[in-house]
Structures are given as C-alpha cells and as structure tokens.
Amino acid sequence: GGEAMTGLAYFGLLMLGSFILGLPFDVYGTFVLEERFGFNKTTPYTFVKDRLKGAALGVLLGAPLLYVVLWFFISAGPLAWLWVFVTITAFQLVLVFLMPALILPLFLEMDPLPEGTALVTNKMGRDYPDFLSGRFFYRDGEDGDGLPVWSTTDRRFQGAAQGAKLTVRRSGGQWALVDGETVYASLAQPSADPAAGGRLEW
C-alpha cells in the first residue's frame, strides 16, 4: 500500500506540473486563436469551471484506477499485466455508459434535437471537402420559391466569418449543398428526405 501511494503521489505531481505548463497554451488556444476565427463560445468563468471539473473528475476516477494499477504491478507478480488489462478494459466499458448519462452533462447542455433535423454525411465517395461531413442541419424557413431550406452555422476548421451558413435546399429539381453561390454537392435524391429528419448521405 505504501509503495502504491508513493507512486500515486508521484504521478499526481507529474499531472499537476503538466496542467500548470499547459494552462497558458490552453488559454491562448481558446481566447486568442479560437476567438480570432469566431469559434470561441467560452467565457473565462466557463473556462475555469471546466478545468476545475476536469481536475475533480481526474482525482475521483483516475486516482483510484491508477492506485489499483500500481498495486497490481507491485503485488500480482508475472500476471500483473493481465489483471491491469482486465481492470482498465472493465473501467472503459463502464465509462461508455456513464459518459453520456453522468459525465458529459457536467460540461455540455444535452438538448434533444428538434424536429426536422438532418445529419449530412459523406459515405458514398462524393468528391467534396471533408469538413462538410458530419454536420447537423436545421429547418430554416423557405427560399424565394417557397421550398424548404435547412442550414447550419457549424463550420468548424473553416475560418469562415461568423454567421455564414451552409445550406441544404432544393435547386433545379435536385437537392444541393451550397455555401452562398458555391455548390459543394448535388443529388437527385439523397438517402433520406430532410423534411422527415434523419441521415443524408451524399
């Protein structure tokens, strides 16, 4: 037990040092780089709160797991690796179920998707930029011809101006994925009708 506690204290100091050294880079990435391109939605209060929550979770979940791992390597002999493998695998399986129910809500607002939401994916080998894949589009009224329009302002890694929209709309008898005047993809009939929600595979 004493050796395991010594190892736990050692790793705790390493993690604390890593956190302190990495904090200026986290601040710069969030409040300078992300802010420059219009991606930042984090306030200083939220930033500090999330870091404290992450540290608390690390202590509550990580410290006991690390203690058990160290204890196995100290006490379990040649089969220590097997017990560690089983323990970590079981821990990860438990986290799969705890993550959406208990952990993610600590950091994110888990809101149900509204009706008329479509997920655009690229699983048919279509030749358009990867950043268009995996986007949620929301019903956004109608175009000038009275046809429904779905749009999103989610443009991660694009560096686009705030408020710019990617849009799914009917155009010339086809569904089109457009950005202003640029048509990224068009399809006579996607795999699902956005009006019903679901997945659109271009």
In terms of hydrophobic clusters joined by side-chain contacts under 4.5 Å, are L8 and L16 together? no
Might you work through the side chain to side chain contact (heavy atoms under 4.5 Å, CB included) test for T6 and E3, ending with a clear yes or no? CA-CA 5 Å; T6 301; E3 292 178 320; 5.5 Å; no
Does CZ belonging to F107 count more than 12 external heavy atoms closer than 6.0 Å? yes
Which donor-acceptor pairs under 3.5 Å do side chains of residues 46-64 form with protein atoms, sequence neighbours excluded?
unit_1 : atom_1 : unit_2 : atom_2 : d
T46    : OG1    : T43    : OG1    : 2.9
K53    : NZ     : L106   : O      : 2.5

In Å and rounded to the nearest 0.5 Å, what is the OH to CG distance from Y28 to L23? 15.5 Å
Hey, does the side chain of S18 reach the backbone of L14 with a donor-acceptor pair shorter than 3.5 angstrom? no
With rounding to the nearest 0.5 Å, note down the distance linking CE in M15 to CD1 in I20. 12.0 Å
Per-pair distances, 0.1 Å, donor-acceptor, side chain in residues 73-101, under 3.5 Å, sequence neighbours excluded:
unit_1 : atom_1 : unit_2 : atom_2 : d
S75    : OG     : W71    : O      : 3.3
W81    : NE1    : P78    : O      : 3.4
T87    : OG1    : W83    : O      : 2.7
T89    : OG1    : F85    : O      : 2.8

Interatomic distance, E34 atom CD to N40 atom CG [nearest 0.5 angstrom]: 5.5 Å
